Amino acid sequence: KAGVTQTPRYLIKTRGQQVTLSCSPISGHRSVSWYQQTPGQGLQFLFEYFSETQRNKGNFPGRFSGRQFSNSRSEMNVSTLELGDSALYLCASSLDFGSYNEQFFGPGTRLTVL
Amino acid sequence: AQSVTQLDSQVPVFEEAPVELRCNYSSSVSVYLFWYVQYPNQGLQLLLKYLSGSTLVKGINGFEAEFNKSQTSFHLRKPSVHISDTAEYFCAVENQGGKLIFGQGTELSVKP
């Protein structure tokens, strides 16, 4: 079974631009979560989607948004990029929503904002 | 609110030596606890988890961890490390909403 895939793997943008990252979960998984990883803040939860609905949200500004499609694929969007948005963005999928469902992580998308 | 503290940001150790990576959590309710490993330029891989039952949990790659409720700790151990264990290790707790809260990570560096 293929794992979680994320595209693109690397991205360079400039301040003020917007970006869209994509995540394809493991086949059969219906929940997708997004995390931001930076050296200073570590791993922080962004949001979780299940059945095309946002079920959980972290403490990030409204510039960060996401969505999930009927095939469970998910995208996250960051608008008006800031230097501090440079990070590794990780996507994780799980079979279901709620506690406890093991999360399987993708390799991440490394975003650099210049 | 739940939180996780990994007491050591870096742990250097020689090959074949034992290692312990420390993790403390704060939570007023029952917890699910996890250790993940991240190799360079890769995502996170689950090493082991504690959901309930036996407090000694065995994971992949020879790692194990012990859940200690009274000390609110979940330390990760391996009796003999290999060069290939060099990676960053994250302790995490799952909150009641089902989201993972991670510690800051511990960089394990295994030297020959």
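Remember, it's a predicted structure, so these values are computed and weren't measured experimentally. Proteins get letters first, then strands, A, B, ... in listed order; numbering begins at 1 in each.
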Checklist entry - Given a strict heavy-atom distance threshold of 4.5 Å, which part of A/R9 is in contact with chain B: side chain, backbone, both, or neither? => result side chain

Checklist entry - Do B/I83 and B/V19 share a hydrophobic cluster (ILVMFWY, side-chain heavy atoms under 4.5 Å, transitive)? => result yes

Next on the checklist: On a heavy-atom basis, which atom in A/Q41 and which in B/Q104 lie closest, and how many Å separate them?
Outcome noted: O-OE1, 3.3 Å

Checklist entry - Is the count of non-hydrogen atoms from other residues, nucleotides or ligands lying under 6.0 Å from A/N59 atom CG greater than 12? => result no

Item to check | Path from A/F45 to A/F60 over hydrophobic side-chain contacts below 4.5 Å | outcome: no

Checklist entry - Using non-hydrogen atoms only, which part of A/Q103 is less than 4.5 Å away from chain B: side chain, backbone, both, or neither? => result both

Next on the checklist: With a 4.5 angstrom heavy-atom cut-off, is it the side chain or the backbone of A/L43 that approaches chain B, or both, or neither?
Outcome noted: both

Checklist entry - Between B/V81 and B/I60, is there a shared hydrophobic cluster once you connect ILVMFWY residues whose side-chain heavy atoms come closer than 4.5 Å? => result yes

Checklist outcome for this item: Bottom line for A/Q6: the part with an atom under 4.5 Å from chain B's heavy atoms is neither

Next on the checklist: Using heavy-atom distances under 4.5 Å, tell me whether B/L44 contacts chain A through its side chain, its backbone, both, or neither.
Outcome noted: both

Checklist outcome for this item: CD of B/E94 to CD of A/E102, rounded to nearest 0.5 Å, is 11.0 Å

Item to check | Side chain, backbone, both or neither of A/Y35 within contact of chain B (heavy atoms, under 4.5 Å) | outcome: side chain

Next on the checklist: Do B/F63 and B/L56 land in one hydrophobic cluster if side-chain heavy atoms of ILVMFWY residues count as linked below 4.5 Å?
Outcome noted: no

Next on the checklist: Is B/L100 in contact with chain A via its backbone, its side chain, both, or neither, using a 4.5 Å heavy-atom distance?
Outcome noted: both

Checklist outcome for this item: Taken to the nearest 0.5 Å, the spacing of B/Q42 CD from A/L90 CG works out to 11.5 Å

Item to check | Path from A/F47 to B/F102 over hydrophobic side-chain contacts below 4.5 Å | outcome: no

Checklist outcome for this item: Whatever's closer than 4.5 Å to a heavy atom in chain A on B/Q38 counts as side chain

Item to check | Residues, nucleotides or ligands: over 12 heavy atoms within 6.0 Å of B/N68 CG | outcome: yes

